[in-house]
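Working notes, beginning with the structure itself.
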Amino acid sequence: MYQGIEIADYILNYAEQCNYQITNLRLQKILYYIQLNFLKQYDYVIFEDDILAMRHGPCIQSVYDRYHIWGRHSIIKKDHDAFQLKEKEETLIKQVVDACMLLPEYELADRSQKENSPWYQTFFVKREEVIPVECMRKYVRE
């Protein structure tokens with residue numbers, strides 16, 4: 001299992017290779033969808049950080065803290081730490097990033113906050129901060 005910031009750096013390295021423009025908001029949503037997809041496909045989380053149910057959607061605090069200085073602008077950083085993932089992990093992460101880049105940022109955010117989503121269940125129903133992994137696991141199985 002990895003840290004959220006490691007996966008974020010991997011995403012940003014991949015984005016640079018593909019000429020994708022990624023803001024902190026988009027990065028947060030991509031990380032959320034990556035976690036959901038790992039739960040759905042492999043029944044484990046790829047990073048151990050909690051995902052918080054914040055006002056603007058799912059958020060990984062350590063990643064937010066590192067990249068919030070970019071505001072609404074694309075993150076430009078060429079010295080992301082490189083590390084090795086398993087081939088199946090790389091493949092799934094790239095698939096999720098590619099799919100998320102097809103959507104406008106606002107739509108990506110809206111989808112992460114739709115009714116009955118783990119974010120919605122945590123933020124509006126339970127009024128808690130951390131989105132439970134079990135809530136995400138149940139959501140992807142339905």
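Being a predicted model, the structure only gives us computed values, none of them experimental.
- Counting heavy atoms from C-beta on, the side chains of I11 and K94 never come closer than 4.5 Å.
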Step-by-step side chain to side chain contact (heavy atoms under 4.5 Å, CB included) determination, W119 to I51: CA-CA 9 Å; W119 176 87; I51 299 178; over 6 Å; no
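- In this structure, the side chains of I7 and Q3 stay at 4.5 Å or more apart for every pair of heavy atoms.
- For the atom pair C59 SG and M54 CE, the distance stands at 5.5 Å (nearest 0.5 Å).
- By the side-chain contact (heavy atoms from CB on, under 4.5 Å) test, R141 is found to be paired with D43, R137, residues two or more places apart in sequence or in another chain being considered.
- Q17 and N13 form no side-chain donor-acceptor contact under 3.5 Å, judged by distance and modelled atom types alone.
- Expressed to the nearest 0.5 Å, how far CZ of F123 lies from CZ of R55 amounts to 8.0 Å.
- Applying the side-chain hydrogen bond (donor to acceptor under 3.5 Å, both in side chains) definition to pairs two or more places apart or across chains, none involves residues 30-40.
- Cation-pi contact between K114 and Y120: absent, since separation from the ring centre below 6.0 Å together with deviation from the ring axis within 45° is not met.
- I34 and Y44 fall within a single hydrophobic cluster, where Ile, Leu, Val, Met, Phe, Trp and Tyr side chains are chained together by heavy-atom contacts under 4.5 Å.
- Listed by chain and number, the residues in a salt bridge (Lys or Arg N to Asp or Glu O under 4.0 Å) with E107 are R111 (sequence neighbours excluded).
- E128 and A53 make their closest contact through O-CB, 4.1 Å (heavy atoms, listed as atom of the first residue, atom of the second, distance).
- A donor-acceptor pair shorter than 3.5 Å can be found between the side chains of E89 and Y2.
- For the pair I131 and P118, the tightest heavy-atom approach, listed with the atom from each and the gap, is CG2-CB, 3.6 Å.
- Taking CD of E6 as the start and OG of S62 as the end, the distance is 10.0 Å to the nearest 0.5 Å.
- Residues L31 and F47 meet the side-chain proximity criterion, which asks for heavy atoms closer than 4.5 Å.
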Side chain to side chain contact (heavy atoms under 4.5 Å, CB included), that's the test. Do Q61 and D49 meet it? Break it down for me. CA-CA 8 Å; Q61 191 67 53; D49 305 58; over 6 Å; no
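- Here the straight-line distance linking atom CG of L27 with atom CD of E105 works out to 10.5 Å at 0.5 Å rounding.
- I60 and Y64 fall into different hydrophobic clusters, defined by Ile, Leu, Val, Met, Phe, Trp and Tyr side-chain heavy atoms under 4.5 Å apart, directly or through other members.
- When every heavy atom of I22 is checked against every heavy atom of A15, the shortest pair comes out as CD1-CB, 3.4 Å.
- Within 6.0 Å of CD on E48 lie more than 12 heavy atoms contributed by other residues, nucleotides or ligands.
- Rounding to the nearest 0.5 Å places CZ of R26 at 4.5 Å from CE of M101.
- There is a side-chain donor-acceptor pair under 3.5 Å between N116 and Q121.
- V130 and I5 are assigned to two separate hydrophobic clusters, defined by single-linkage of ILVMFWY side chains at heavy-atom distances under 4.5 Å.
- In this structure, the separation between CG on L92 and CG on L85 is 10.5 Å, given to the nearest 0.5 Å.
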Take I75 and T23 through the side chain to side chain contact (heavy atoms under 4.5 Å, CB included) test and state the conclusion after the steps. CA-CA 6 Å; I75 298 168; T23 64; 5.8 Å; no
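- L102 and L25 are assigned to two separate hydrophobic clusters, defined by single-linkage of ILVMFWY side chains at heavy-atom distances under 4.5 Å.
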Which is it for F38 and V45 under the side chain to side chain contact (heavy atoms under 4.5 Å, CB included) test, yes or no, and what are the steps along the way? CA-CA 6 Å; F38 269 85; V45 294; over 6 Å; no
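- Remark: the backbone N or O of W70 is not paired with any side-chain donor or acceptor of H73 at under 3.5 angstrom.
- Within the 4.5 Å cutoff, no side-chain heavy atoms of P58 are placed close to those of L52.
- For I30 against V96, the heavy-atom pair with the smallest separation is O-CG1, 4.1 Å.
- The two residues M1 and I46 have their closest heavy-atom pair at CG-O, 3.8 Å.
- Across L108 and C100, no two heavy atoms sit closer than the pair CD1-SG, 3.7 Å.
- Looking at Y14 and D98, their side chains do bring a donor and an acceptor atom within 3.5 Å of each other.
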Might you work through the salt bridge (Lys or Arg N to Asp or Glu O under 4.0 Å) test for K29 and D110, ending with a clear yes or no? CA-CA 10 Å; K29 304 317 167 245; D110 285 350; over 6 Å; no
